Amino acid sequence: MAGLWNNRTVETNDDPAIGGDKVRLRRVTEDDAELLELWHSTEYVGEFNDFGVQLGPVRGRIQKTGLVSAQSGTLIVELETTRKPIGTVGWREVRYGPNPESVAWNIGINLIPEARGHGYGSEAQHVLADHLFATSRVNRIEAMTDIDNLAEQRALENAGFAREGVLRGAQYRHGGWHDLVVYSCLRRLR
Ligand SMILES: CC(C)(COP(=O)(O)OP(=O)(O)OC[C@H]1O[C@@H](n2cnc3c(N)ncnc32)[C@H](O)[C@@H]1OP(=O)(O)O)[C@@H](O)C(=O)NCCC(=O)NCCS
């Protein structure tokens, strides 16, 4: 994954997939375009990720960037054994100051309904966090989730994230404002 991390590059890796025990993370290809559009529908996205926002045509963006840039990225989560795609993980840059040292990653995940509850979400986020620490210089990786999303809160804890606090009324979905729980992991605690 050469050159994806801009001046935050530490090390590059030509292996197209990042492996865990049950799941692996791989780059998005053009063949995934229809799947990504399907997964964005209400039926697949789940109540906590349903913002009523259209995805728009994704094929062109895949052709252009592979959905990875210096500031953000999306990878496909697939089963290690069968290579069946079961969802996506993503990350985006958040800044806590104007200098490069104050950049952190904010990560997110969405698994298709039938893949939930098998430990895949915990492992995928663990693997992603390890990968982001290994391939960039950030000190902090964070994630935020709805205060009622207990599965994601447990998954993040399983992935080595610690609960930091609550952002009140931060997210608007389904006609109302929702509190978000903030989680993070720091490089020195990994
Ligand atoms: C949230 C999500 C990533 C979790 O991944 P997952 O593979 O389903 O979760 P895991 O199987 O790894 O389980 C994580 C933990 O949550 C627990 N859990 C699962 N569903 C739960 C629920 N409805 N209520 C409480 N705990 C739950 C599991 O028991 C497990 O805890 P344990 O390790 O103590 O046994 C996945 O369900 C998903 O993609 N959901 C839809 C999208 C979403 O909510 N994304 C996050 C938005 S910020």
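It should be emphasised that the depicted structure is a prediction, and the values quoted were computed from it without experimental measurement. Order of appearance sets the numbers: ligands from 1, and atoms from 1 within every ligand. In what follows, every heavy atom counts, from backbone to side chain, and hydrogens, waters and symmetry copies are set aside.
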- prompt: Considering only heavy atoms, does Glu123 approach ligand 1 within less than 4.0 Å through its side chain, its backbone, both, or neither?
  reply: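 The answer is neither.
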
Could you tell me, atom by atom, which parts of ligand 1 come under 4.0 Å of a heavy atom of [X]?
X: Asn49; value: 42 (C), 43 (C), 45 (N), 47 (C)
X: Asn149; value: 43 (C), 44 (O), 46 (C), 47 (C)
X: Leu150; value: 24 (N), 25 (C)

Does an N or O anywhere in [X] fall below 3.5 Å from an N or O of ligand 1?
X: Gly117; answer: yes
X: Glu152; answer: no
X: Val45; answer: no
X: Gly119; answer: yes
X: Ser122; answer: yes
X: Gly46; answer: no

field: Partner of Val58 by side-chain contact (heavy atoms from CB on, under 4.5 Å), out of Leu36, Leu35, Thr74
entry: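 Exactly one option meets the side-chain contact (heavy atoms from CB on, under 4.5 Å) with Val58, and it is Leu36.
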
task: Would you mind finding which of Arg154, Gln153, Arg116 brings a heavy atom closest to atom 34 (O) of ligand 1?
output: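 Result: the heavy atom closest to atom 34 (O) of ligand 1 is in Arg154.
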
message: When you compare the side chains of Gln171 and Arg173, does any donor N or O come within less than 3.5 Å of an acceptor on the partner?
response: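 Short answer, yes.
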
- prompt: Can a donor-acceptor pair be found between the side chains of Tyr183 and Glu157 at a distance below 3.5 Å?
  reply: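 Distance-only check passes for Tyr183 and Glu157.
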
task: Please answer whether the main-chain N or O of Asp146 pairs with a side-chain N or O of Gln153 as donor and acceptor at a distance below 3.5 Å.
output: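 Yes: the side chain of Gln153 pairs with the backbone of Asp146.
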
So, [X] and [Y], do they make that salt bridge, N to O below 4.0 Å?
X: Arg95; Y: Glu93; answer: yes
X: Glu142; Y: Arg140; answer: yes
X: Arg26; Y: Glu78; answer: yes

Provide, to 0.1 Å, the distance between [atom] and the closest protein heavy atom, together with that atom's residue and name.
atom: atom 48 (S) of ligand 1; value: Thr145 OG1, 3.4 Å
atom: atom 4 (C) of ligand 1; value: Ala155 CB, 4.0 Å
atom: atom 7 (O) of ligand 1; value: Gly121 N, 2.7 Å

- prompt: Are Trp39 and Val45 side-chain neighbours, meaning at least one heavy-atom pair lies under 4.5 Å?
  reply: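 No - every pair of side-chain heavy atoms lies 4.5 Å or more apart.
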
- prompt: Which pair of heavy atoms, one from Val23 and one from Glu80, lies closest together, and at what distance?
  reply: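 In this case the closest contact between Val23 and Glu80 is O-OE1, 3.7 Å.
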
